[in-house]
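Quick note on labels: first sequence line is chain A, next is B, and so on, each numbered from 1. Basis for what follows: all heavy atoms, side chains included, without hydrogens, waters or symmetry-related copies.
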Amino acid sequence: MTELALGRQRELAESPGIRHLAWLWGGLFLVLFPLLGLLGVFMRMYQAGWLQELVPNPQWFYASMTLHGLGLVGLIYAASFVALLWAVSPHVQFQTRWLWLSTGLTAVGVVLLVVNFFNGFAPGWYFLYPLPFVPSGAWSGTATDIFLTAVAVLGVAWVIWELELLRAIAARYPLKVALGWQYLRKGEPSPEIPPVVLVATVCAIAGIIALLAAVVMLALMLVHRFSGSMVDPLLVKNLIFFFGHTLVNLAMYHGIGFLYSALPKYSGQPWKTGVPLVVAWNLVLLLVLTAYFHHLYMDFAQPTWLSVVGQFASYGVSIPAAVVTLLGTLSQVYRRPVRWTLASSLMFWGTMGWAIGGVAAVLDSTIAFNFRFHNTLWVPAHFHTYLLAGIVFIVLGFVAHLVQELSGRGESTGMRRAIMALLLVGGYGFVLMFYLSGANGVPRRYAVYPPDAELGVQLARIATFFIALVVLGVLLYLVTVGKQWGAALAGAQGSSASD
Amino acid sequence: MAPTTILLLWLVIALLVAGVYIYVWSTSKGSAGAAASLTRFRKPLFIAMVVVLGTTFLLTVPRTPYPKGQIPDAVVYVTAKQFAFAQSLQPVSNEEEFSNALGYQAQVPVRGWVEFRVTSLDVNHGVAIFGPDGKLVGQTQAMPGYVNRLFVRLHKPGSYKILCLEYCGTAHHVMQSTFQAVAQELSSVSSSSQRRMP
């Protein structure tokens, strides 16, 4: 407990602005994740055939699908980014006004997206051009305009905080030092850098490049909006996936940066930067920007060599993840007296979700396999594995870590085991139904399955049982962390009163 | 490799990963055991991954589904538009031609190379071919302004379905079409298809 308290004092005293930001985003995540998740529950129940009479218009399935996807990708990206900021904040000095500006703009973007849900806006989370402009009567041109505004606002918001992250790092470390290149020379590296600084630098550079692609994509869409003529859909599709794929991967890497910083506090084993870590993350920077081509394998008009590059990069990016991060996580725990709490448990098991989902992603990134997997339920299978059972676990671990450090309160072993068992059994059971569906060719993004795809309906029904376990696990988590949060607030009020 | 075989492969690796995680987690309980680092496995794991992934890469890249100069035994034009597919033996370039082609159902030869020339008149769609047994045979995207050439060999005679596998709007799930694969002499089917041009 003393060690915990000392750790809290050091970090929080150094960066009160980041602390407040972390609390805000932690709270937002605990509110928005269950709400957006419920849209997913609605979708699976709709596919199970239980809600089609109650909600006969499938547009609400697709509008839910759009908000569920866009909302959760954005929320996970943002919350994991704040976890990374929090982890890197002891090492660099932020100008927090920029981070607050980004938060405010993000709130505006989110409000616009929610408004658009009620407009029936339903082009899917990656809004594949030109679908937003060709709604077939399902939504209005105004809804598309609101959406484009939301994308612009969110783009500006996230460019600001990626730039602020890079500026803060560059103010302390020259860029090549932050990327760890001094470790590649002979002799003792000077200066040494914490792993989280290296990860944050890679994320910031990749994030800025991805967001620049989003700016070009948005500009092309605005050309369509104001000229009425179609721009090259293959070019826009490349830009959308360059941006979207990179953003989703960065969300995971944000969480890994936090993990490098936080897990050692529970294992007592420092996570140090060395040559393998530096080589791995510099490779990640290169490979993560070229792996997105696997989203366009089925666009045969795309030059074949780009697809081959996509398969090479998708395979390649899995090697540093396994050899450095996953093996490193296991090393942190193997035969160590780990202090198992809700936070450390979620972090540890979250990396397993990344590994298992990653294996499915690598299989799907094989062009010859993708021929039969593309846009089947195999796709949501793999990304729900590394999002729900991966990065979401880590972000939930981040919030639990925050409140447990501040409140000094832990949860009972029984409660921790119950939460983890529900989340793991429910989560993997839920995604297993996606995998079984995908391997049997059940299409993704179908509100209603055709009569000869009855397997999709049956597996959706089984999936809802496992979803119920996840929901119960999340509820127990909310109650547990909510109590700790309350204790932390009471402690803070008590200490300010005594001051 | 069949999708169900790939599923099995994934399941085996996933269980292996889960087994390693559970074992490592089980060693962390209580007081510290003999200090041991797993980083000694870094090099073997790296080599194993490079070998396995490199071999898979070299074996699978030649099996990509892209056109490789095949001579088609039959050619079918598939044009997508919210929320229907038109099959035809001539390119469709406008809504009138699309409407005229809607009633046509292609017949293609079993075991011969069938080339589907796929495009769209509005948004992105997917053209996925499902066999008489309901299994996914193969697919490509239908993108406005582009023609994707999909070559497949169909091994079973019967009714094949085309389903849209790219989300294209709020009636995406109803978008489908049917064609027939028939066991005839290749030359005879090709020429009979030519005569049935709409």
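- For chain A, the nearby part of B:Arg149 is the backbone; its heavy atoms alone come within less than 4.5 Å.
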Let me see the working for B:Tyr146 and A:Gln302 under side chain to side chain contact (heavy atoms under 4.5 Å, CB included), right down to the final yes or no.
-> CA-CA 10 Å; B:Tyr146 288 89; A:Gln302 176 99 327; over 6 Å; no
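- Interface remark: B:Leu150 contributes backbone and side-chain atoms alike to the contact with chain A (heavy atom separation under 4.5 Å).
- Of the two parts of B:Ile13, only the side chain, counted from C-beta on, holds a non-hydrogen atom closer than 4.5 Å to a non-hydrogen atom of chain A.
- Proximity to chain B (any heavy atom under 4.5 Å) is restricted, for A:Thr366, to the side chain, taken from C-beta onward.
- With a threshold of 4.5 angstrom between heavy atoms, A:Pro320 does not approach chain B through any atom at all.
- The backbone N or O of A:Phe300 sits less than 3.5 Å from a side-chain atom of B:Asn148, completing a donor-acceptor pair.
- Contact tally against chain B (heavy-atom pairs below 4.5 Å) for A:Leu326, A:Val359, A:Val324: the top residue is A:Val359.
- Shown here is B:Phe46, whose CZ atom has no more than 12 heavy atoms of other residues, nucleotides or ligands within 6.0 Å.
- Of the listed residues (A:Pro130, A:Gly441, A:Pro123, A:Gly120), the one with the most heavy-atom contacts under 4.5 Å to chain B is A:Pro130.
- Residue contact with chain A, scored on non-hydrogen atoms closer than 4.5 Å, involves the side chain of B:Gln176 exclusively.
- Judged purely by atom type and a 3.5 angstrom limit, A:Gln59 uses its side chain to pair as donor or acceptor with the backbone of A:Ala138.
- For A:Tyr435 and A:Trp378, the ring centers are positioned less than 6.0 Å apart.
- If you measure heavy-atom distances from A:Leu363 to chain B, the contacts under 4.5 Å come from the side chain alone.
- Neither the backbone nor the side chain of B:Val127 comes within less than 4.5 Å of any heavy atom of chain A.
- Contact tally against chain A (heavy-atom pairs below 4.5 Å) for B:Thr60, B:Leu136, B:Leu165: the top residue is B:Leu165.
- Heavy-atom distances place both the backbone and the side chain of B:Ile22 under 4.5 Å from chain A.
- The candidate from A:Tyr297, A:Phe61, A:Trp139 with the greatest count of non-hydrogen atom pairs under 4.5 Å with chain B is A:Tyr297.
- Ranked by non-hydrogen atom pairs under 4.5 Å with chain A, the options B:Gln82, B:Lys135, B:Lys161, B:Lys43 are led by B:Gln82.
- In terms of heavy-atom pairs under 4.5 angstrom with chain A, the leader among B:Val50, B:Val137, B:Thr4 is B:Val137.
- B:Met1 CE: 12 or fewer foreign heavy atoms inside a 6.0 Å radius.
- For an aromatic pair to be called close, the ring centres must be under 6.0 Å apart, and B:Phe83 with B:His172 fails this.
- Between the side chain of A:Asn440 and the backbone N or O of A:Val442, no donor-acceptor pair lies under 3.5 Å.
- For A:Thr351, the parts sitting under 4.5 Å from any heavy atom of chain B are the backbone and the side chain alike.
- Of the residues listed (B:Phe116, B:Tyr104, B:Phe130), the one engaging B:Phe179 in a ring pair (Phe, Tyr, Trp, His ring centres under 6.0 Å) is B:Phe116, and it is the only one.
- Contact annotation for A:Tyr129: only backbone heavy atoms (N, CA, C, O) come within less than 4.5 Å of a heavy atom of chain B.
- Heavy atoms closer than 4.5 Å to chain B are found in the side chain of A:Asp452, but not in its backbone.
- Counting heavy-atom pairs closer than 4.5 Å to chain B, the top residue among A:Ala368, A:Pro443, A:Ser136 is A:Ser136.
- Surrounding CD1 of B:Ile71 are at most 12 heavy atoms belonging to other residues, nucleotides or ligands under 6.0 Å away.
- No other option in B:Thr5, B:Val174, B:Thr56, B:Val147 has as many heavy-atom pairs under 4.5 Å with chain A as B:Thr56.
- Chosen from A:Gly438, A:Gly124, A:Pro233, the residue pairing most often with chain B at heavy-atom distances under 4.5 Å is A:Pro233.
- One N or O on the side chain of B:Thr140 and one on the backbone of A:Met298 form a donor-acceptor pair closer than 3.5 Å.
- Neither the backbone nor the side chain of B:Ala142 comes within contact range of chain A, judged by heavy atoms closer than 4.5 Å.
- Most heavy-atom pairs under 4.5 Å with chain A: of the set B:Ala171, B:Cys164, B:Pro62, this distinction falls to B:Cys164.
- Contacts between A:Asn370 and chain B at a heavy-atom distance below 4.5 Å involve the backbone alone (N, CA, C, O).
- Neither the backbone nor the side chain of A:Ser267 comes within contact range of chain B; no heavy atom of the residue lies under 4.5 Å from a heavy atom of that chain.
- Residue B:Ser28 forms a side-chain hydrogen bond (donor to acceptor under 3.5 Å, both in side chains) with just one option from A:Tyr266, A:Trp340, A:Tyr334, and that option is A:Trp340.
- When each of A:Gly137, A:Pro276, A:Pro135, A:Pro450 is scored by its heavy-atom pairs under 4.5 Å with chain B, the top score falls to A:Pro276.
- Residue contact with chain B, scored on non-hydrogen atoms closer than 4.5 Å, is absent for A:Leu455.
- Side-chain atoms of A:Gln47 and A:Tyr449 form a donor-acceptor pair, as typed in the model, at a separation below 3.5 Å.
- For B:Trp10 (side chain) and A:Ile356 (main-chain N/O), a donor-acceptor pair under 3.5 Å exists by modelled atom type.
- Under a cut-off of 6.0 angstrom, the local environment of CD in B:Glu95 is sparse, with at most 12 non-hydrogen atoms contributed by other residues, nucleotides or ligands.
- Under the 30°/60° scheme for interplanar angles, the aromatic rings of B:Tyr21 and A:Trp349 are found to be tilted.
- Comparing B:Leu45, B:Ile6, B:Val118 by how many heavy-atom pairs each has under 4.5 Å with chain A, the most go to B:Ile6.
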